[in-house]
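Okay, structure first, notes after.
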Amino acid sequence: MTLPKPQPDKSPEKIRRMFDSIAPRYDFLNHFFSLGIDRRWRRLAVKQLLNEKIPPSPILDVCCGTGDLTLEFLKQTKNGEFYGIDFSSEMVNIGLRKIKMYQNNGVPIQLTVGDALSLPFESDRFAIVASAFGLRNVGNTEQGLREMFRVCKPDGIIAVLEFSMPQQPVLSTAYRFYFRSVLPHIGQLLARNQDNAYGYLPESVLAFDEPEQLVRRLQLLGVTDIQRQPLTFGIATFIWGRKKL
Ligand SMILES: C[S@@+](CC[C@H](N)C(=O)[O-])C[C@H]1O[C@@H](n2cnc3c(N)ncnc32)[C@H](O)[C@@H]1O
């Protein structure tokens with residue numbers, strides 16, 4: 001029997017305040033700490049999903065933050081309907097500015113402030129429901145996935161891109177050291193915030209489901225044809241599958 005891992009404080013007030021306060025530096029720090037690889041991960045994830053044989057629209061990006069995944073869908077498909085939702089208005093505002101700057105030729109994109117635990121959309125609406133680095137922060141993983149499943153069309157795709165821990169022992173030790181002892185200090189220096197967001201980051205990743213647990217949760221919900229792709233030595237994992245008809 002595996003004991004549940006102790007979880008960091010994921011109260012909605014704390015998480016929202018934390019992302020509101022780091023929002024202006026979020027994109028810069030994301031790309032800085034990952035050496036830009038986070039962009040590649042989103043690009044690969046979207047490419048994989050667009051290879052699936054389904055109409056690639058409408059698309060919902062859950063916990064969209066500053067909209068990078070939504071924008072990646074737009075860049076790769078050029079056409080369709082795009083929705084993003086996040087409960088941090090500061091993150092969403094930055095996303096809205098990025099979308100304005102991006103030449104979207106009138107393609108409808110809607111980023112709104114809302115809760116992933118109670119999505120303001122009717123059931124069976126989206127062809128793709130995806131979340132990048134979001135689910136881990138949601139107060140109740142089970143409920144977050146249930147909502148993603150609910151708003152997905154039958155035979156549509158549910159996808160989660162999340163950090164994970166590399167399995168190779170030497171790499172895993174080095175990565176844990178960087179993640180726990182280096183990143184939080186630099187993060188706090190560059191984006192001072194009362195909730196120590198860059199201390200929370202490793203804590204939340206280490207406490208989150210391992211990929212096989214996430215796969216199990218999806219299977220229990222009724223997601224089939226689940227595929228799993230470790231990215232960059234397993235520092236991130238992309239998991240996706242279909243809502244059973
Ligand atoms: C690490 S950011 C990821 C942002 C973006 N998806 C990306 O790829 O960079 C996590 C986001 O999850 C959002 N979030 C956490 N819990 C949420 C909830 N219950 N409802 C909506 N958004 C939530 C936060 O506000 C934050 O913007």
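Just so you know, ligand 1 is whichever comes first in the structure, and atom 1 is the first atom listed for that ligand.
The contact set between ligand 1 and Arg42, taken as ligand atoms under 4.0 Å from a residue heavy atom, comprises 7 (C), 8 (O), 9 (O). Heavy-atom proximity to Asn30, at under 4.0 Å, picks out these atoms of ligand 1: 9 (O). Numbered from 1 in the order shown, with element, the atoms of ligand 1 that lie under 4.0 Å from a heavy atom of Ser88 read 25 (O). Ligand 1 places these atoms under 4.0 Å from at least one heavy atom of Ile15: 15 (C).
Between Phe87 and Phe19, the distance separating the two ring centers is not shorter than 6.0 angstrom.
Residue Met91 places a heavy atom less than 4.0 Å from ligand 1. The closest approach between Pro12 and ligand 1 stays at or above 4.0 Å for every heavy atom of the residue. Remark: distances from the non-hydrogen atoms of Asp68 to ligand 1 are all 4.0 Å or more. For the ligand labelled ligand 1, residue Val138 lies inside the 4.0 Å heavy-atom shell. Using 4.0 Å as the threshold, Lys10 has no heavy atom nearer than that to any atom of ligand 1. Assignment of Gly114 to the shell around ligand 1 is supported, since a heavy atom sits closer than 4.0 Å.
Residue-to-ligand polar distances place Tyr26 within reach of ligand 1: an N/O pair is separated by less than 3.5 Å. Polar contact check, Val62 against ligand 1: no nitrogen or oxygen pair lies under 3.5 Å apart. Checking only distances, Gly139 never comes within under 3.5 Å of ligand 1, N or O to N or O. Taking distance alone, with nitrogen or oxygen atoms compared against 3.5 Å, Thr66 stays at or beyond that limit from ligand 1.
The option with the heavy atom closest to atom 6 (N) of ligand 1, from among Gly134, Cys63, Gly65, is Cys63.
Salt bridge Arg242/Glu52: present, at least one basic N to carboxylate O contact under 4.0 Å. Lys244 and Asp155 are not joined by a salt bridge, as no carboxylate oxygen comes within less than 4.0 angstrom of a charged side-chain nitrogen. Note on Asp124 versus Arg150: no salt bridge recorded, every NZ/NE/NH1/NH2 to OD/OE distance being 4.0 Å or above. One finds a salt bridge joining Arg136 and Glu162 here, because a Lys/Arg side-chain nitrogen approaches an Asp/Glu carboxylate oxygen to under 4.0 Å.
For CD of Gln167, the number of neighbouring non-hydrogen atoms (other residues, nucleotides, ligands) closer than 6.0 Å is 12 at most. For Tyr178, the OH atom is densely surrounded, since the number of other residues' heavy atoms within 6.0 Å is greater than 12. More than 12 heavy atoms of other shown residues, nucleotides or ligands fall within 6.0 angstrom of atom CZ in Arg228.
Tested against Leu161 for a side-chain contact (heavy atoms from CB on, under 4.5 Å), the candidates Leu135, Leu44, Thr237, Leu231 yield a single pass: Leu231.
Side chain of Gln168 to main chain of Leu171: a donor-acceptor pair is present (N/O by atom type, distance under 3.5 Å, no hydrogens or angles).
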